[in-house]
Amino acid sequence: GESVGLHLPTLSVQEGDNSIINCAYSNSASDYFIWYKQESGKGPQFIIDIRSNMDKRQGQRVTVLLNKTVKHLSLQIAATQPGDSAVYFCAERAAGNKLTFGGGTRVLVKP
Amino acid sequence: GAVVSQHPSWVICKSGTSVKIECRSLDFQATTMFWYRQFPKQSLMLMATSNEGSKATYEQGVEKDKFLINHASLTLSTLTVTSAHPEDSSFYICSARQGSPEAFFGQGTRLTVV
């Protein structure tokens, strides 16, 4: 069911530093994972994805790491910029091609 | 990436009325569209999966008679919130997928029921 309203965990990071956002997923059968960025009042925006047969994938300034042993996913953002301030969600795909979203992490970039 | 457009971006309606939200894939044909609901400071919760030409599959706890979904074409799905009440106020988001696992999201619709 729906979770009770909670404050999102927040990661405060200095501009120019690297950010690491973590996500624990629940379904060992999930075969595909995505990181999304959501700015206030907008829909999620695709950042990077990774399939379960990989453990690392790099994009522009972003790297996703997948540890299937402990069911953990992380997103690393290099040289964090003010425009990176947003809420970040991980999502996993299991049966039925449906995406299940994690709880989200708010990233605040301090100038 | 592909573009998914939702309309309207925001809507205010009176309690008891119905509201229709449109989700369009602008530059691709979407075999599957998904509807999500998001409360403030919470994650996206899947409401239903919509396949063109067939009935939507609703998630557990989502009332199909209250949230009517129609996927009339490969580029359009609609969500109608019937007899809306203040507790239906939320951010509704659709996503569309062509065939790849990646789904593209609309910009969301803020529904406020007064």
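Residue numbers begin at 1 in each chain, while the letters A, B, ... track the order of the sequences.
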| Is it the backbone or the side chain of B/Gln38 that comes under 4.5 Å from a heavy atom of chain A, or both, or neither? | side chain
| query | Within a radius of less than 6.0 Å around CZ of A/Arg106, do more than 12 heavy atoms belonging to other residues, nucleotides or ligands occur? | reply | no
| Crowding at CD, A/Gln60 (>12 non-hydrogen neighbours, <6.0 Å) | no
| remark: Looking only at A/Gly103, A/Gly104, A/Ala91, the option with the highest number of non-hydrogen pairs under 4.5 Å against chain B is A/Gly103
| request: Could you tell me whether B/Lys66 atom NZ has more than 12 heavy atoms of other residues or ligands within 6.0 Å of it? | output: yes
| said: Would you say NE2 of B/His7 has more than 12 non-hydrogen atoms from neighbouring residues, nucleotides or ligands within 6.0 angstrom? | reply: no
| Distance from A/Arg93 atom CZ to B/Arg97 atom CZ, nearest 0.5 Å? | 6.5 Å
| field | Which atoms of B/Ile93 approach chain A - backbone, side chain, both or neither, heavy atom under 4.5 Å | value | side chain
| query | For the residue pair B/Phe105 and A/Phe46, is the inter-centroid distance of their aromatic rings smaller than 6.0 Å? | reply | no
| task | Taking B/Ser43 for its side chain and A/Gly102 for its backbone only, find out whether a donor-acceptor pair lies under 3.5 Å. | result | yes
| note | Counting heavy-atom pairs under 4.5 angstrom with chain B, the leader among A/Asp49, A/Leu99, A/Thr100 is A/Leu99
| request: Check the surroundings of atom NZ in B/Lys64: do more than 12 heavy atoms from other residues, nucleotides or ligands lie under 6.0 Å from it? | output: no
| query | So do A/Phe89 and B/Leu44 actually touch side chain to side chain, heavy atoms under 4.5 Å? | reply | yes
| request: Spell out, yes or no, whether A/Tyr32 and A/Val62 are grouped together once hydrophobic residues are joined by side-chain heavy atoms under 4.5 Å, including indirect joins. | output: no
| Region of B/Gln60 in contact with chain A, defined by heavy-atom distances below 4.5 Å | neither
| request: Spell out, yes or no, whether B/Met47 and B/Ile69 are grouped together once hydrophobic residues are joined by side-chain heavy atoms under 4.5 Å, including indirect joins. | output: yes
| request: Can you tell which part of A/Gln38 gets under 4.5 Å to a heavy atom of chain B, answering side chain, backbone, both or neither? | output: side chain
